[in-house]
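Below is one structure, written out as structure tokens; the observations come after it.
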There are 2 protein chains.
Amino acid sequence: MLYTMGSMDPARSRIFDGLTERERRQWLEAAQPRDARRHEVVASQGEPAREFALVESGLLKLLQLTPDGRELIVRFVRPGEPFGGVVVLEAAAYPVTALAVEPTRLLAWPGDVLRALLDRFPRVRANITREIAAHMTDALTRVRELATERVSQRLAHTLLRLMRQAGTPGRDGVLIAHPLTRQELADLTGSTLYTVSRTLSQWQQQGILQSRRRQLLVRAPKRLEALSRASEA
Amino acid sequence: MLYTMGSMDPARSRIFDGLTERERRQWLEAAQPRDARRHEVVASQGEPAREFALVESGLLKLLQLTPDGRELIVRFVRPGEPFGGVVVLEAAAYPVTALAVEPTRLLAWPGDVLRALLDRFPRVRANITREIAAHMTDALTRVRELATERVSQRLAHTLLRLMRQAGTPGRDGVLIAHPLTRQELADLTGSTLYTVSRTLSQWQQQGILQSRRRQLLVRAPKRLEALSRASEA
DNA sequence: CGCCGTCGTTGCGCGAGCGCAATGTTGTAT
DNA sequence: ATACAACATTGCGCTCGCGCAACGACGGCG
């Protein structure tokens with residue numbers, strides 16, 4: 001089976017909010033297209049950030065890697081979304097490793113090009129700042145969840161987030177059209193594939209959701225929300 | 001007993017790196033001094049951010065609060081350090097609650113004043129961005145630690161961070177001159193005061209550190225580092 | 001000086017969730 | 001069509017760390 005996150009006209013990305021069509025074209029012309037194969041590493045945690053990029057089609061996975069090989073998924077980057085914001089402005093190190101989940105087409109701006117463009121288009125700087133603020137809030141929320149919630153609650157929260165970000169509402173529920181293995185859900189919630197599997201099985205029996213291989217259909221979002229609050233399994 | 005984090009000439013803050021003395025003075029003159037009492041809430045999670053601030057003296061604690069009353073400490077803000085960076089640029093909501101641990105003197109810039117100043121001093125914008133990048137990296141590191149490490153490892157990491165940030169090296173170890181209760185260490189590591197107390201007792205018996213009430217002396221930083229890597233208690 | 005509030009320690013029992021192992025299922029390659 | 005690889009499920013035992021309870025220690029204040 002073929003999974004695809006589709007593509008998006010990069011000129012429509014939120015980071016270009018407030019720009020005219022001509023201005024958007026200027027940005028796109030300054031960008032270097034880049035294609036990443038499946039499982040290709042696009043950026044490595046700890047390496048100096050040299051470029052800022054936008055996903056045009058495909059899907060990136062941002063990871064925190066542990067010394068002993070475990071990985072934690074920070075977030076996915078979908079078509080139209082930027083990557084490498086803060087970091088390229090300061091030529092600091094990438095805080096994450098970026099991996100292409102499927103064949104992915106990127107638009108990349110080297111650091112100096114980006115800085116020159118941002119001086120001419122302060123609005124884009126503000127848009128990028130907005131993204132960063134959102135990701136910061138998100139990171140802090142996850143820190144809190146990891147520190148204070150049970151696995152089932154964190155899993156519920158994670159599914160709800162995925163629904164919002166990548167959900168397509170259908171007749172009998174919201175479909176999460178996203179190639180997610182149990183292992184990936186575990187890496188998103190800070191758990192193990194066993195516990196995730198058990199929890200999902202339970203929820204399936206209760207009619208809250210239906211899980212095919214690598215696909216999830218949430219039938220009762222409200223019950224999921226309840227589960228994300230209470231600690232009852 | 002009186003704890004104090006001392007004070008710092010605000011003009012020496014890292015956010016003014018690259019500015020002349022005159023320029024620094026211009027910033028300070030545009031700021032509104034504000035005094036916060038012990039335990040006073042300086043900013044509330046979820047509220048729209050109206051100002052950017054610098055701690056001149058005292059100490060702030062940034063918290064994520066859970067619906068059921070638990071709290072998680074995001075970080076401390078010491079003299080010379082800024083607070084409210086990302087958020088005020090985008091007039092978004094504070095992602096944390098800020099609480100004065102002790103009587104604290106702040107310098108505050110309202111959002112519009114800040115934006116006007118930043119347009120005249122792009123270097124300060126870059127400096128603030130640098131801070132944000134560091135905090136983002138920090139937040140992601142903590143997410144990873146919470147998801148993959150045992151309590152003892154996280155506690156070791158936390159103590160090492162505190163040593164770097166607020167440690168004063170002495171004859172027989174590094175003193176963490178910071179009013180930290182067991183509960184606060186638990187809120188920093190995502191654990192409980194019981195487990196923290198037990199772990200510290202154990203380390204004290206092993207001669208790794210010495211704990212007085214609300215003060216810690218780390219005698220063997222290297223052994224702490226080893227503990228932060230291995231999962232052995 | 002003695003009281004009291006805050007903070008710290010430790011014993012004990014219990015439960016969430018980990019992780020191995022064995023087995024089942026589904027899509028893909030030849 | 002068949003074989004294989006990747007992914008998913010479930011039983012089972014065990015450990016980490018939680019959380020109550022009881023007690024202890026310290027420091028501030030009248």
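In what follows, every chain begins at residue 1, and chains take the letters A, B, ... in the order their sequences are listed. Side chains are part of it too, since the values below use all heavy atoms of this structure and drop only hydrogens, waters and symmetry mates.
- Counting to the nearest Å, the P atom of dA6(D) and the CG atom of L193(A) are 15 Å from each other.
- In this view, R130(B) and D17(B) satisfy the salt bridge (Lys or Arg N to Asp or Glu O under 4.0 Å) rule, not counting sequence neighbours.
- Note: CD (Q215(B)) to C1' (dC7(C)) measures 14 Å, nearest angstrom.
- Going from atom CG of D68(A) over to atom C1' of dC18(C) covers 15 Å, rounded to whole Å.
- Applying the ring pair (Phe, Tyr, Trp, His ring centres under 6.0 Å) test to residues at least two apart or on different chains, none of the pairs has a partner in residues 134-163 of chain B.
- Residue Q202(A) contributes atom CD, which lies 16 Å from atom C1' of dA8(D) at whole-angstrom precision.
- Not a single salt bridge (Lys or Arg N to Asp or Glu O under 4.0 Å) links D138(B) to another residue, sequence neighbours left out.
- Put simply, the residue from V151(A), L146(A), T199(A) that forms a side chain to side chain contact (heavy atoms under 4.5 Å, CB included) with S191(A) is V151(A).
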Can I get a per-line list of side-chain donor-acceptor pairs under 3.5 Å for residues 53-64 of chain A, giving both atom names and the distance, sequence neighbours left out?
| residue | atom | partner | partner atom | Å |
| --- | --- | --- | --- | --- |
| K61(A) | NZ | E184(A) | OE2 | 2.9 |
| Q64(A) | OE1 | R144(B) | NH1 | 2.9 |
| Q64(A) | NE2 | P95(A) | O | 2.7 |

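- Following rounding to the nearest Å, W203(A) (CH2) and dT9(D) (P) show an atom-to-atom distance of 13 Å.
- The distance between atom CG of L216(B) and atom P of dG8(C), rounded to the nearest whole Å, is 9 Å.
- Atom CG of L227(A) and atom P of dA16(C) are 15 Å apart (whole Å).
- Legend: residues meeting salt bridge (Lys or Arg N to Asp or Glu O under 4.0 Å) with R198(B), ordered by chain and number and at least two apart, are absent.
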**OP:** Summarise how protein sits on nucleotides 15-21 of chain D as a single string, 5' to 3': B when a protein heavy atom is under 4.0 Å from the base, S for sugar-phosphate-only contact, - for no contact.
**Re:** -SSBBBB
List, one per line, each side-chain donor-acceptor pair under 3.5 Å for residues 41-50 of chain A, sequence neighbours excluded.
| residue | atom | partner | partner atom | Å |
| --- | --- | --- | --- | --- |
| Q45(A) | OE1 | L65(A) | N | 3.1 |

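- Residues satisfying the salt bridge (Lys or Arg N to Asp or Glu O under 4.0 Å) criterion with E51(B), sequence neighbours excluded, are R34(B).
- Listed by residue number, the members of residues 181-189 of chain B with any heavy atom below 4.0 angstrom from DNA chain C are T181(B), R182(B).
- Within the 4.0 angstrom heavy-atom criterion, only backbone atoms of the sugar-phosphate kind lie near S201(B); the bases stay farther away.
- At a cut-off of 3.5 Å, with distance as the only test, a side-chain donor of Q165(A) or R78(A) sits close to an acceptor on the other residue.
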